[in-house]
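Structure, as structure tokens:
Everything quoted here is computed from the prediction, not taken from an experiment. Numbering of residues begins at 1 and proceeds along the displayed sequence.
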Amino acid sequence: KLGMAYKKDDNFGEWYSEVVVNSEMIEYYDISGCYILRPWAMEIWELLKEFFDAEIKKLKLKPYYFPLFVTENVLQKEKDHIEGFAPEVAWVTKSGKSDLEAPIAIRPTSETVMYPYFSKWIRSHRDLPLRCNQWCNVVRWEFSNPTPFIRSREFLWQEGHTAFATKEEADEEVLQILELYRRIYEEFLAVPVSKGRKSEMEKFAGGLYTTSVEAFIPNTGRGVQGATSHCLGQNFAKMFDITFENDKGSRSMVWQNSWAYTTRSIGVMVMTHGDDKGLVLPPRVAPLQVIVIPVPYKDVDTTAIVNECKKTVETLEKAGIRADLDTRANYSPGWKYSHWEMKGVPLRIEIGPKDMANNQARVVRRDNGAKADIPTADLVEKVNGLLDEVQKNLFETAKQKRDACLKVVNTWDEFIVALNDKKLILAPWCDEEEVEKDVKARTKGDLGAAKTLCTPFEQPDLPEGTTCFASGKPAKKWSFWGRSY
Ligand SMILES: O=C1CCCN[C@@H]1CCCn1cnc2ccccc2c1=O
């Protein structure tokens with residue numbers, strides 16, 4: 001399929017849906033909220049997994065796999081952890097024609113699946129820290145508008161679940177993992193994110209505190225949670241009796257964390273970098289970094305050109321660059337240019353008779369369309385340089401666009417103007433939950449209400465006497481506010 005029917009700035013929703021399909025990342029499925037992830041998406045997921053797995057191995061995480069199913073009474077174990085989520089739980093009630101004795105839930109997250117066994121496995125402080133990570137799918141039967149990668153009823157994630165003897169160790173790991181999430185977004189997906197703490201209302205109810213990395217989509221003016229790292233405190237230890245014999249011979253409850261990032265991260269990347277020609281891939285997550293295209297000319301010997309292309313791909317692959325060639329005879333070079341632009345491949349190399357004669361290749365960047373004639377001898381070095389430039393340019397451009405959406409407000413009127421202007425709002429807040437609820441109530445509408453996105457770790461100066469934008473009470477902190485996904 002060539003060319004886009006929708007423009008990013010005209011009809012973002014349709015544009016996004018077209019990009020993920022035309023770039024062959026997603027195939028729509030006949031169950032709403034479920035999508036087929038094709039290789040162009042799965043290879044990105046695998047590149048992120050490769051980085052994250054290597055990093056958490058350094059933090060001594062061990063790989064596990066727990067069952068997909070959880071019994072009703074175990075899932076209901078902790079009321080306030082599950083209360084708001086109950087409607088999203090999917091249940092198995094039959095096998096074949098016969099009803100099951102008792103319905104079985106499909107995991108929406110694995111705390112209640114894992115923690116009865118953490119209780120069994122942790123006896124003494126020598127069994128700590130316990131560090132468990134699993135890569136799996138989870139199911140949450142949501143009803144709000146499904147969006148490929150961003151909001152689906154089944155998605156892939158990693159979920160880390162750790163247990164420590166002290167709160168200090170847990171607090172430290174929460175931030176170590178959050179930094180890995182920042183790196184996934186900023187160093188791989190080239191998406192700028194803000195690290196911060198969720199409010200008491202927005203945090204994971206079962207935990208002690210929640211930290212997150214928050215991204216922002218300028219086109220829709222919506223914040224999007226990129227990943228979360230929770231300190232659970234001793235809440236689940238109390239519920240599931242996860243205790244250890246401390247060095248004084250008495251029993252103490254463990255301190256736990258849980259943290260996750262999901263396939264949503266791929267959607268955030270698509271939304272951030274995509275343009276009206278389709279997907280734009282940051283080189284560090286591009287399944288293919290360079291596509292080499294032969295440009296045959298009338299009666300000139302095409303075999304020589306194709307051989308030169310093959311040699312070029314081999315040279316690049318030997319240097320660890322993900323390269324391929326497109327020699328399909330039934331498509332014109334122009335058709336191929338559009339096809340690989342739609343798929344977002346960072347660099348295209350064109351080789352025609354003139355290039356051959358001059359021992360050079362024409363290299364074209366997907367991010368800004370810049371063309372350069374590179375001597376064959378310098379190809380690997382120049383291509384690596386260009387890939388780094390594309391990665392950096394995508395991040396800087398996204399950061400500049402995100403920062404241009406940032407609006408500092410001090411009053412309610414300024415807040416409403418900024419909200420309707422699709423801004424990412426930074427406002428002084430009295431940190432009272434009643435006020436948070438009030439803002440939600442006063443901004444309710446078909447675009448969804450405004451909410452706190454996070455309280456950034458990086459706090460601007462808060463002069464004495466600064467008042468909360470919504471309540472007029474003394475402000476305690478600066479927080480990001482906005483509509484969100
Ligand atoms: O974020 C994470 C990180 C990974 C492990 N789980 C935590 C918290 C999950 C919160 N949550 C989110 N949706 C749910 C949906 C249904 C039932 C329960 C839940 C639920 O507990």
Would you indicate whether the side-chain heavy atoms of Thr452 and Cys454 approach each other to under 4.5 Å?
-> no
What closest approach, in Å, do Val92 and Phe69 show between heavy atoms, and which atom pair accounts for it?
-> CG2-CE2, 3.9 Å
Pair Glu24 + Lys343: basic N to acidic O under 4.0 Å | yes
How far does CG of Asn393 sit from CD of Gln400, to the nearest 0.5 angstrom?
-> 10.0 Å
Does Asp438 have any salt bridge (charged side-chain N to carboxylate O under 4.0 Å, His left out) partners at least two apart in sequence or in another chain, and if so, which?
-> Arg442
Heavy atoms, side chains only, cut-off 4.5 Å: are His273 and Thr397 in contact?
-> no
Between His161 and Tyr115, is the gap from one ring center to the other below 6.0 Å?
-> yes
In this structure, CZ of Phe52 is separated from CD1 of Ile177 (nearest 0.5 Å) by 5.0 Å
Polar contact flag, side-chain donor to acceptor under 3.5 angstrom, Glu245-Ser124 | no
If only atom types and distance count, is the side chain of Asn246 paired as donor or acceptor with the main-chain N or O of Ser250 below 3.5 Å?
-> yes
From CA spacing to verdict: side-chain contact (heavy atoms from CB on, under 4.5 Å), Arg38, Glu27 = CA-CA 7 Å; Arg38 303 178 68 185; Glu27 183 70 54; 3.8 Å; yes
Going through the checks in order, is the side-chain contact (heavy atoms from CB on, under 4.5 Å) test met by Ile56 and Leu180?
-> CA-CA 9 Å; Ile56 59 173; Leu180 290 181; 4.0 Å; yes
Do we see a donor-acceptor contact under 3.5 Å between the side chains of Thr71 and Asn73?
-> yes
Arg197 to Tyr209, cation-pi by 6.0 Å centre distance and 45° axis angle | yes
Validation row: Glu88, Phe85 side chains within 4.5 angstrom (heavy atoms) | yes
No-hydrogen, no-angle side-chain donor-acceptor test under 3.5 Å, Ser479 and Thr455 = yes
Any salt bridge between Lys423 and Glu414, counting N to O under 4.0 Å?
-> no
Using a cut-off of 6.0 Å, state whether more than 12 heavy atoms not belonging to Tyr6 lie near its atom OH.
-> no
Is the count of non-hydrogen atoms from other residues, nucleotides or ligands lying under 6.0 Å from Asp30 atom CG greater than 12?
-> yes
Residue list, salt bridge (charged side-chain N to carboxylate O under 4.0 Å, His left out) with Glu173, at least two apart or on another chain = none
Rounded to the nearest 0.5 Å, the CZ atom of Phe216 sits from the CG atom of Leu453 at a distance of 8.5 Å
Could you give the distance from CD1 (Ile44) to CE (Met42), rounded to the nearest 0.5 Å?
-> 10.5 Å
Do Ser152 side-chain atoms and Glu154 backbone N/O form a donor-acceptor pair below 3.5 Å?
-> yes
Within-4.5 Å side-chain heavy-atom neighbours: Val409 and Leu426 = no
Between Arg183 and Glu186, is there a salt bridge with N-O shorter than 4.0 Å?
-> no
Can you find a heavy atom in the side chain of Tyr261 that is under 4.5 Å from one in the side chain of Ile184?
-> yes
Phe149 six-ring face occupied by Arg264 cation (under 6.0 Å, within 45°) = no
Closest non-hydrogen atom pair between Gly448 and Arg483, with its separation = O-NE, 2.7 Å
Residue pair Lys198 / Ser212: nearest heavy atoms and the distance that separates them = CE-OG, 3.7 Å
Give a yes or no answer on whether the side chain of Glu159 reaches the backbone of Trp135 with a donor-acceptor pair at less than 3.5 Å.
-> no
Checking side-chain contact (heavy atoms from CB on, under 4.5 Å) for the pair Thr272/Tyr185: CA distance, chi angles, key distance, verdict?
-> CA-CA 11 Å; Thr272 301; Tyr185 275 90; over 6 Å; no
Between the side chains of Glu169 and Thr166, is a donor N or O closer than 3.5 angstrom to an acceptor N or O?
-> yes
Looking at residues at least two apart in the chain, or sitting in another chain, which of them share a salt bridge (charged side-chain N to carboxylate O under 4.0 Å, His left out) with Glu179?
-> Arg182, Lys195
Roughly how far, to the nearest 0.5 Å, is the CH2 atom of Trp40 from the CG atom of Leu279?
-> 8.0 Å
Using only heavy-atom distances, determine whether the side chains of Glu433 and Ser199 contain a donor-acceptor pair under 3.5 Å.
-> no
Between Arg402 and Leu424, is there a donor-acceptor pair closer than 3.5 Å when you use the side chain of the first and the backbone of the second?
-> no
Non-hydrogen side-chain atoms of Glu432 and Cys430 separated by less than 4.5 Å | yes
With no hydrogens and no angle check, is any side-chain donor or acceptor of Tyr181 less than 3.5 Å from a backbone partner on Ala260?
-> yes
Is a donor on one side and an acceptor on the other found under 3.5 Å between the side chain of Lys8 and the backbone of Met271?
-> yes
Pro428 versus Cys468: any side-chain heavy-atom pair under 4.5 Å?
-> no
Supply the atom-to-atom distance Glu111 CD to Ile82 CD1, rounded to the nearest 0.5 angstrom.
-> 9.0 Å
What residue pairs, at least two apart or across chains, pass ring-ring contact (aromatic ring centres under 6.0 Å, His included) with a residue in residues 428-456?
-> Trp429-Trp481
Determine yes or no for a side-chain-to-main-chain donor-acceptor pair under 3.5 angstrom, with Tyr28 supplying the side chain and Pro148 the backbone.
-> no
Around Lys60, counting heavy atoms of other residues, nucleotides and ligands shown, do more than 12 lie under 6.0 Å from its NZ?
-> no
Taking only residues two or more places apart in sequence, or in another chain, which ones meet Lys49 in a salt bridge (charged side-chain N to carboxylate O under 4.0 Å, His left out)?
-> Asp53
Side chain Gln134, main chain Pro63, donor-acceptor under 3.5 Å = no
Side-chain donor-acceptor distances from residues 228-241 under 3.5 Å, at least two apart:
{"residue": "Ser229", "atom": "OG", "partner": "Val174", "partner atom": "O", "Å": "2.9"}
{"residue": "His230", "atom": "ND1", "partner": "Thr210", "partner atom": "OG1", "Å": "2.7"}
{"residue": "Gln234", "atom": "NE2", "partner": "Met253", "partner atom": "O", "Å": "3.0"}
{"residue": "Asn235", "atom": "ND2", "partner": "Gly206", "partner atom": "O", "Å": "3.0"}
{"residue": "Asn235", "atom": "ND2", "partner": "Gly207", "partner atom": "O", "Å": "3.3"}

Side chain Gln391, main chain Phe188, donor-acceptor under 3.5 Å = yes
Where do Trp255 and Leu208 land on the side-chain contact (heavy atoms from CB on, under 4.5 Å) test, with the steps shown first?
-> CA-CA 10 Å; Trp255 290 89; Leu208 182 59; 4.3 Å; yes
Sub-3.5 Å donor-acceptor pair from the side chain of Lys422 to the main-chain atoms of Pro218, do we have one?
-> no
For Tyr117, look at atom OH and say whether over 12 heavy atoms of other residues, nucleotides or ligands are found less than 6.0 Å away.
-> no
Residue pair Ile217 / Tyr485, side-chain heavy-atom distance below 4.5 Å | yes
Here the pair of heavy atoms bringing Ala418 nearest to Lys407 is CB-CG, 3.9 Å
Using the ring of Phe143 (Phe, Tyr or Trp, six-membered ring only), decide whether Arg153 places NZ or CZ under 6.0 Å from its centre and within 45 degrees of its axis.
-> yes
Does a salt bridge link Lys392 with Asp388, judged by any charged N lying under 4.0 Å from a carboxylate O?
-> no
